[in-house]
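One structure is given below, encoded as structure tokens.
What you are looking at is a predicted structure, and each value in this text was computed from that prediction instead of being measured.
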Amino acid sequence: MFSFYIINTMIDRKTLRENYEKIKEGLKKRGYEFDIDSLLEKDKEYRKLLTEINELKAKRNRLTDEIKKLKREGKDIGELIEKSREIGNKIEEIEEDVKNLEKEIENKLLEIPNIPHESVPVGSSSEENVVVREWGERKEFDFEPKSHWELGEKLGILDFKRAGSMSGSRFVIYKGLGALLERALVQFFLDVATKEHGYTEIFPPILVKEESAYGSAHLPKFDEEMYKTLDEKLYLLPTAEMALANLHRNEILREDDLPLYYTAYTPCFRREAGSYGKDVRGIIRQHQFNKVELFKFTKPEESYDELEKMVSDAERILQKLGIPYRVVLLCTGDMGFAAAKTYDIEVWAPGVKRWLEASSVSNCENFQAKRTNTRFRRKDGKLEYVHTLNGSGLATPRTFIALIENYQQKDGSILIPEVLRKYMGGIEKIPAQ
RNA sequence: GGAGGGGUGGCCGAGCGGUCGAAGGCGGCGGCUUGCUAAGCCGUUGUCCCCCGUUGAGGGGGACCGCGGGUUCGAAUCCCGCCCCCUCCGCCA
């Protein structure tokens, strides 16, 4: 026999029952097909059986008490034991059905995505996302700006060919000043997060248990997106969010300790199974990339303010780097499974002439908190689920792209922004070869 | 990898087939005492689910002692599997 764990779900049954209309509408807004009604039917059946079991158990408990008493008095208890056994058998019978139903219901519930916040624009695809603001000048070049893969190869800082033969497509080797730049970006991101924005640095395991993947809501829906170890027991992080969401699993946090801010640098691994032929050139879409993640545990009433703050924390980094970007509010149809509201931050990459998502900042409300059973105690003693927020601050590849494409010079060299120089031994540019 | 030990409430820690939701302590909350502080005394204090009632009124029942399963009329207590922690030995960056 193997053991399994019941994972709490965002839309637990009570929520489902009490917010039927709201949930139905939310799913519709997302364009998500789901048969709530049949699920509610099952839940009703489940509760009926539960009540029956409860009553039988109450009966048995009374009998047990009596047996206890009579036995002490040395009286005959044979008949009562027989009766109790009968009840036990009946309970077992019903319990079988209840268990099956429960598992069925729980599995279904795990497939329900988060309900969008009311401020999220309704739409079916990225077309309907809303640009909230734009920062920085999109620079005019007096020459034709090169793409990062041209620059990277010419300068000898990115090596696609050898990475390909070593690991396959969608892998890259950073070399020399390229490797240094990559490392500098990670350090810079972490320093801004910890020293300026008050996040506590975490360096988590890169492999996590299946249970944790359920907690962050990467399972069950995104199994095919993740790499896992051969025995299928451990998952490589597709994002540090998957680790951080589980940081306070099964804990009861103190109200005074909230909000908690965490940041973590980790490599991230994604199979990109559904994106054949998309972004195949360069480092826009890689199987492995580096990211500094921001994560918060907050009180429910503060999470939306904290969301705005997290977005501006991520923006601040790009401002310091002098990279033009825009902030996009995702519409209902373009949001991730666990998110109730998401902003993307897209950097301008003049070489590929595209906006590239360098950060995605989401409020998951209590969606992950329910799955990971992360709660806090109010001053009045009441327990409540926390809200969780995650965001990139930032992902390196696309920042790397925007950086070298924006800072390329006519002679083929790349200027290093002032703020990065101290992480790169003081050099001012990556010289042309 | 081998050999042991252990996981109990917010925390520490007893219990090792019925009288245990679970002693005791700490912490929390309420009250008394108190010139202030410290202390003392008394009381209180878990979570989840279901049903009826309510919609910040309650009442009844059930479950929960790492997780899952088994034995039993009855399991925190016995048995099996899994997860996690600790100690010792071996191996190793």
Side-chain angles (χ1 to χ4, degrees), chain A residues 1-20 40 42-103 105-107 109 204-215 229 231-235 243 246-258 300-301 366 369-386:
Chain A
M1 265 287 124
F2 57 92
S3 61
F4 75 96
Y5 21 76
I6 297 281
I7 291 127
N8 290 316
T9 45
M10 149 61 193
I11 312 298
D12 55 85
R13 290 166 236 197
K14 205 189 272 175
T15 313
L16 190 65
R17 264 178 259 141
E18 289 171 0
N19 300 285
Y20 176 79
L40 279 174
K42 290 207 171 90
D43 175 58
K44 210 169 160 189
E45 172 69 13
Y46 168 86
R47 271 148 57 217
K48 203 186 102 199
L49 293 179
L50 239 202
T51 306
E52 269 176 51
I53 285 188
N54 265 351
E55 278 161 7
L56 286 172
K57 281 187 175 171
K59 211 161 159 191
R60 185 174 67 182
N61 286 344
R62 281 194 297 272
L63 274 178
T64 299
D65 274 348
E66 226 170 303
I67 290 172
K68 201 179 352 179
K69 212 168 70 197
L70 291 181
K71 195 177 173 192
R72 212 175 314 144
E73 292 167 5
K75 293 191 177 143
D76 178 43
I77 50 175
E79 195 186 324
L80 287 183
I81 284 177
E82 187 48 42
K83 233 183 191 168
S84 178
R85 187 178 311 185
E86 266 171 45
I87 294 175
N89 288 341
K90 212 184 268 172
I91 290 174
E92 215 167 302
E93 243 172 74
I94 303 175
E95 221 152 43
E96 178 80 28
D97 293 341
V98 168
K99 248 179 229 166
N100 288 338
L101 255 181
E102 173 159 43
K103 240 192 137 180
I105 293 170
E106 287 300 329
N107 285 339
L109 285 169
I206 311 300
L207 286 164
V208 301
K209 291 194 286 191
E210 188 183 24
E211 194 180 344
S212 298
Y214 273 103
T229 51
D231 58 11
E232 303 233 347
K233 294 242 169 79
L234 292 172
Y235 287 79
N246 290 282
L247 197 58
H248 294 298
R249 186 178 198 92
N250 291 325
E251 285 184 40
I252 293 168
L253 303 169
R254 293 181 25 200
E255 180 171 4
D256 286 342
D257 291 339
L258 297 176
E301 63 272 26
N366 64 18
K370 281 187 174 177
R371 289 179 173 232
T372 56
N373 193 30
T374 307
R375 296 175 293 174
F376 74 102
R377 193 181 293 282
R378 293 267 187 202
K379 295 256 161 55
D380 64 8
K382 289 223 172 69
L383 285 174
E384 242 178 280
Y385 288 103
V386 297

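When the C1' atom of B:U45 is taken as reference, atom CZ of A:R377 falls 10 Å away, rounded to whole Å. With rounding to whole Å, A:K44 atom NZ is found 15 Å from B:C51 atom C1'. Rounding to whole angstrom units, CG of residue A:L56 and P of B:C51 are separated by 16 Å. In this structure, A:E211 atom CD and B:G66 atom P are separated by 16 Å, rounded to whole Å. A:D65 places its CG atom 11 Å from the P atom of B:C20, with the value rounded to the nearest Å. Between A:R62 atom CZ and B:G61 atom P the separation is 9 Å, expressed in whole Å. B:G10 atom P lies 17 Å from atom CD of A:E255, rounded to whole Å. In this entry the distance linking CG of A:N54 with P of B:C48 reads 17 Å, nearest Å.
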**Message:** Set out, in order, the CA-CA distance, both residues' side-chain angles and the distance that settles salt bridge (Lys or Arg N to Asp or Glu O under 4.0 Å) for A:E95 and A:K57, then state yes or no.
**Reply:** CA-CA 11 Å; A:E95 221 152 43; A:K57 281 187 175 171; 3.4 Å; yes
**Prompt:** Would A:E55 and A:T51 count as a side chain to side chain contact (heavy atoms under 4.5 Å, CB included) if you check the C-alpha gap in whole Å, the side-chain angles of each, and the deciding distance to 0.1 Å?
**Reply:** CA-CA 6 Å; A:E55 278 161 7; A:T51 306; 3.8 Å; yes
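The separation of B:G15 from B:G24, taken at their C1' atoms, amounts to 11 Å, rounded to a whole angstrom. Comparing the P positions of B:U47 and B:G9 gives a spacing of 14 Å, expressed to the nearest Å. Across the P atoms, B:G10 and B:A23 are found 14 Å apart, a figure rounded to whole Å. Comparing B:C67 with B:C12, their P atoms sit 16 Å apart, to the nearest whole Å. Taking atom C1' in both B:U44 and B:C49, one finds a spacing of 25 Å when rounded to whole Å. B:U77 and B:C64 have their C1' atoms separated by 15 Å, given to the nearest Å. Of the P atoms belonging to B:C92 and B:C83, the separation is 26 Å, rounded to the nearest Å. Rounded to whole Å, the separation between the C1' atoms of B:G74 and B:U33 comes to 49 Å.
A:R60 comes within contact range of the sugar-phosphate backbone alone, with a heavy-atom separation under 4.0 Å but no base atom that close. Looking at heavy-atom distances under 4.0 Å, A:R375 makes contact with sugar-phosphate atoms alone, never a base. The residue A:T51 sits close only to the backbone: its heavy atoms come under 4.0 Å of sugar-phosphate atoms, none of a base. Within the 4.0 angstrom heavy-atom criterion, only backbone atoms of the sugar-phosphate kind lie near A:L383; the bases stay farther away. When heavy atoms are screened at a 4.0 angstrom cut-off, A:R17 is found touching the sugar-phosphate backbone but no base atom. Within 4.0 Å of A:K99, counting heavy atoms only, lie sugar-phosphate atoms of the nucleic acid but no base atom. A:N61 comes within 4.0 angstrom of the backbone, heavy atoms only, and of no base.
Proximity note for A:I252 (side chain, C-beta onward) versus B:C51, B:C73, B:G10: the nearest is B:G10. Here the nucleotide nearest the side chain of A:I67, chosen from B:G10, B:G18, B:C83, is B:G18. The A:K68 side chain lies nearest to B:G18 when the options are B:G10, B:C51, B:G18. If you check B:C49, B:G62, B:U47 against the side chain of A:L50, the one that comes closest is B:C49.
In RNA chain B, runs of at least 3 stacked Watson-Crick or G-U pairs (N1-N3 plus N6-O4 or O6-N4, or N1-O2 plus O6-N3, all under 3.5 Å) give these stems: B:1-7 with B:83-89, B:10-12 with B:24-26, B:27-32 with B:40-45, B:46-52 with B:58-64, B:66-70 with B:78-82.
Put simply, the side chain of A:T229 does not reach to within 4.5 Å of the side chain of A:Y235, judged on heavy atoms. In this structure the side chain of A:R378 reaches within 4.5 angstrom of the side chain of A:F376, judged on heavy atoms. Side-chain contact between A:R375 and A:L253 is absent, with no heavy atoms from C-beta onward closer than 4.5 Å. The side-chain heavy atoms of A:K48 and A:E52, taken from C-beta on, include a pair separated by under 4.5 Å.
For the side chain to side chain contact (heavy atoms under 4.5 Å, CB included) test with A:S212, the passing option among A:L207, A:N246, A:L247 is A:N246; the others fail.
Projected onto RNA chain B by closest heavy-atom contact, A:E82 and A:K14 fall at different nucleotides, the more 5' of which corresponds to A:K14. Between A:E92 and A:K57, the residue anchored closer to the 5' end of RNA chain B is A:K57, taking for each the nucleotide with the nearest heavy atom.
Salt-bridge annotation for A:K68 and A:D65: present, with a side-chain N of the basic residue lying under 4.0 Å from a carboxylate O of the acidic one.
Within a 6.0 Å radius of CD in A:E301, other residues, nucleotides and ligands contribute more than 12 heavy atoms.
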